[in-house]
Number of protein chains: 2
Amino acid sequence: MNIVQEKSRRDRKKLQRRALLIEIARRYIAAKGLRSLKVRDVAEAAGCSIGSVYNEFGDFDGLILTVNRETVQALTARLKAVPVEDPLRQLHGLADAYLGFATEHANLLRSLFEHRMEDDRPFPEDILAMVMDAFALMHAPLVRLLPDRDPDDVALLSRMMFSAVHGIISLGLEERMVAVPPEQLRERLAQFVDTHLAGLGITRGA
Amino acid sequence: MNIVQEKSRRDRKKLQRRALLIEIARRYIAAKGLRSLKVRDVAEAAGCSIGSVYNEFGDFDGLILTVNRETVQALTARLKAVPVEDPLRQLHGLADAYLGFATEHANLLRSLFEHRMEDDRPFPEDILAMVMDAFALMHAPLVRLLPDRDPDDVALLSRMMFSAVHGIISLGLEERMVAVPPEQLRERLAQFVDTHLAGLGITRGA
DNA sequence: GCCTGAAAATGAACATTGTTCAAGAAAAAT
DNA sequence: ATTTTTCTTGAACAATGTTCATTTTCAGGC
């Protein structure tokens, strides 16, 4: 018998349903926030039993983390699509791409940063590493703009800059406590990046 | 009969227990995070029934919000204690005070920013206003440092600066995804503030 | 000191929701 | 066709927020 074919037939179905469950969960989170996600709703929407969700993801956290994993992957993909020719443009592009993603997927991003594990189980290493990698994407352009600075220093600078951008955006998009009016956010964010770069001795067109 | 005295006797007891409930809830949140807070635990620890907690706070959110309200009040008090003589020192002092508070009360601050209301009930206006006020505390010193800029512009600058500081700190203190090593956080935060001020055309001792 | 009505406290019962697992169904292997 | 393995199911369970009829408390009047 053809193991590959037979196995794949079952697996394809399994994978298909897994993808369906993830998609449904993502829609719930995106639409109404992480707290609105219920195992029973997901199972019913997918046309399977509660137990199947557990078979697939182990527990509820497993499902959430799977969605979050894909969220950080999508975010990273978007950040990596920013043109790299001009390092200054790239930095602005990264900030703007982050803002764009946060605007379009506010609840998914919140789920990524606000979800706490049950009990004291450790946060999955791989998601952690992916978020760190995303936050390190300002490193390369900053190195080009600050060739004389200690690389370790630049590494920290880039993560701080990204953290700052994250703070401005995540508070700015919070409907409650609007630190910065959303309609101005894009322009102001660019201004912030410029100001900070100026403080680092980098001027536009220099 | 003495209405004031008689009423106060009952009320004192009520207020005393209310304070006890809040204190217990705060301890739970501070020690193990918002998710660890359970009505039954609080009631048992306070030596009263579950129903009494509901009598006092209406529902579970009511208790959480009361703790959060006191958290933002404590934060504001700490920020307002920063000396105002030198605006530049004040800005650094505000950032440092925020870092100090966030370090000592990481879970309480998280509870303030991460708690979502049940259903779609609106977030309490008063807490919102208090957080906004706290975030506006960088405004006064920045006005003094930038007397020629449009005041509206400075208002936004100050909130952005505070949001940025918030982002750096909240991600920096997250045990997972450490964007900036905690032991360097204080020094780096000061550096960040200096850099940004430099970008705004403000130099130390100028 | 006792009575009375209002206010507060109680906790059993309920509703929601994550989790488990024994039994059954389906698929694969022989 | 039979056996074995694997997956699926959903009833039952456990944890936890919430309600409310009953009981208790207590100030105010006699």
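All figures in this text were calculated on a predicted structure; none of them were measured in a lab.
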Using a cut-off of 4.0 Å on non-hydrogen atoms, how would the nucleic acid contact of B:L37 be classed: base, sugar-phosphate, or nothing? sugar-phosphate

Holding to side-chain contact (heavy atoms from CB on, under 4.5 Å), I want the full list of residues that pass it with A:L20, two or more places apart in sequence or in another chain. A:I24, A:A46

DNA chain D-proximal residues of residues 20-34 of chain B, any heavy atom under 4.0 Å: none

Nucleotide C:dT17, atom C1' - distance to NZ of A:K38 in whole Å: 7 Å

Of all residues at least two apart in sequence or in a different chain, which pass the salt bridge (charged side-chain N to carboxylate O under 4.0 Å, His left out) check with A:R40? none

Test: B:D41 and B:K32 ion pair at under 4.0 Å: no

Do the side-chain N or O atoms of B:K13 get closer than 4.0 angstrom to the phosphate oxygens (OP1, OP2) of D:dC26? yes

The side-chain contact (heavy atoms from CB on, under 4.5 Å) partners of B:T66 (sequence neighbours excluded) come to B:R18, B:I22, B:F57, B:R69

Atom CZ of B:R121 and atom P of D:dT18: how far apart are they, to the nearest Å? 7 Å

Quick one: do A:D153 and B:R188 make a salt bridge, cutoff under 4.0 Å? yes

My understanding is that only residues two or more places apart in sequence, or in another chain, count here; which of them pass salt bridge (charged side-chain N to carboxylate O under 4.0 Å, His left out) with A:R116? B:E114, B:E174

Between atom NZ in B:K14 and atom C1' in D:dT24, what is the gap in whole Å? 15 Å

Partner set under salt bridge (charged side-chain N to carboxylate O under 4.0 Å, His left out) for B:D133, not counting sequence neighbours: none

Any residue meeting side chain to side chain donor-acceptor pair (under 3.5 Å) with A:S170, in chain and number order, not counting sequence neighbours: none

Compare the minimum distances between each of D:dC26, D:dT8, C:dT19 and the side chain of A:R40, then state the nucleotide with the smallest one. C:dT19

Output the rounded distance in Å from CD (B:E118) to P (C:dT17). 9 Å

Residues two or more places apart in sequence or in another chain: which of them pass side-chain contact (heavy atoms from CB on, under 4.5 Å) with B:V84? B:Q90

I need the residues from residues 42-59 of chain B with at least one non-hydrogen atom less than 4.0 Å from DNA chain D; give them sorted by number, or say none. B:I50, B:Y54, B:D59

Contact class for B:R35 (heavy atom, under 4.0 Å): base, sugar-phosphate, or nothing? nothing

Watson-Crick and G-U pairing of DNA chain C written in dot-bracket, each distance under 3.5 angstrom, with | for inter-strand partners: ||||||||||||||||||||||||||||||

Which donor-acceptor pairs under 3.5 Å do side chains of residues 73-83 of chain B form with protein atoms, sequence neighbours excluded?
residue	atom	partner	partner atom	Å
B:T76	OG1	B:V72	O	2.8
B:R78	NH1	B:E104	OE1	3.0
B:R78	NH2	B:E104	OE2	3.1

Holding to side-chain contact (heavy atoms from CB on, under 4.5 Å), I want the full list of residues that pass it with A:N107, two or more places apart in sequence or in another chain. A:R110

Checking D:dA12, D:dG17, C:dT10 against the side chain of B:F60 (C-beta onward), the nearest is D:dG17

Measure from the side-chain heavy atoms of B:R17 and tell me the nearest of C:dT10, D:dC26, C:dG18. C:dT10

